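Quick notes on the structure that follows.
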Amino acid sequence: YNNLTSLEGLGDVGGSLNLENNNLTSLEGLGDVGGNLDLRNNPATEIPAGLKIGGSVYVTESQKQLKESAESAGYTVEVL
């Protein structure tokens with residue numbers, strides 16, 4: 001696991017962003033992501049309002065709330 005606990009100040013990412021295996025309880029502070037967003041194995045449960053993701057959102061089967069949040073925001077979600 002990695003040690004990221006905050007995304008404050010990260011800003012926009014032009015391509016894909018792999019945040020797998022972190023301890024992110026919130027995605028606040030994340031800028032727009034131009035490609036895929038890998039959020040597998042993070043405790044975050046919501047996609048922040050206004051976040052733009054150009055590709056798919058990757059989650060695990062156990063991340064049901066995050067999956068629902070991403071789908072309700074109109075994103076393609078892949079369970080890996």
Side-chain angles (χ1 to χ4, degrees):
Y1 285 83
N2 298 306
N3 293 320
L4 282 180
T5 57
S6 172
L7 297 174
E8 289 300 320
L10 183 61
D12 294 347
V13 176
S16 294
L17 180 61
N18 184 340
L19 295 171
E20 181 182 10
N21 295 327
N22 279 284
N23 195 29
L24 296 167
T25 58
S26 171
L27 300 176
E28 293 297 328
L30 178 60
D32 294 341
V33 178
N36 299 322
L37 179 58
D38 190 341
L39 295 172
R40 290 176 291 164
N41 300 312
N42 279 285
T45 58
E46 290 184 327
I47 299 291
L51 180 65
K52 294 184 177 107
I53 302 168
S56 296
V57 177
Y58 300 146
V59 298
T60 62
E61 184 131 350
S62 66
Q63 292 173 290
K64 291 178 182 4
Q65 284 182 291
L66 186 58
K67 178 181 183 279
E68 290 171 6
S69 176
E71 287 175 338
S72 70
Y75 298 114
T76 299
V77 178
E78 294 186 39
V79 178
L80 304 176

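The model shown is predicted, which means the values in this text are computed figures rather than measured ones.
Rounding to the nearest 0.5 Å places CG of Leu19 at 12.0 Å from CG of Asn41. In this structure, CZ on Arg40 lies 12.5 Å from CG on Leu66, to the nearest 0.5 angstrom. Distance CG/Asn21 to CG/Asn3: 11.5 Å, rounded to 0.5 Å.
Ser69 and Ile47 get closest at one heavy-atom pair: OG-N, 2.8 Å. The two residues Glu46 and Leu27 make their nearest non-hydrogen contact at O-CD1, 3.6 Å. In terms of heavy-atom proximity, Asp32 sits nearest to Lys52 at OD1-N, 3.1 Å. Closest approach of Pro48 and Glu28 over heavy atoms only: CB-OE2, 3.5 Å. Glu61 and Val79 get closest at one heavy-atom pair: N-CG1, 3.5 Å. Closest approach of Ile53 and Gly35 over heavy atoms only: CG2-O, 3.5 Å.
Counting heavy-atom neighbours within 6.0 Å of Glu71 CD, excluding the residue itself, gives a total above 12.
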Side chain to side chain contact (heavy atoms under 4.5 Å, CB included) between Leu17 and Leu30, intermediate numbers included: CA-CA 10 Å; Leu17 180 61; Leu30 178 60; 3.7 Å; yes
Intermediate values then yes/no, side chain to side chain donor-acceptor pair (under 3.5 Å), Asn22 and Asn42: CA-CA 5 Å; Asn22 279 284; Asn42 279 285; 4.8 Å; no
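Between Ser16 and Val33, every side-chain heavy-atom pair lies at or beyond the 4.5 Å cut-off.
Of the residues Asp38, Asn18, Asn36, the one that meets the side-chain hydrogen bond (donor to acceptor under 3.5 Å, both in side chains) test with Tyr58 is Asn36.
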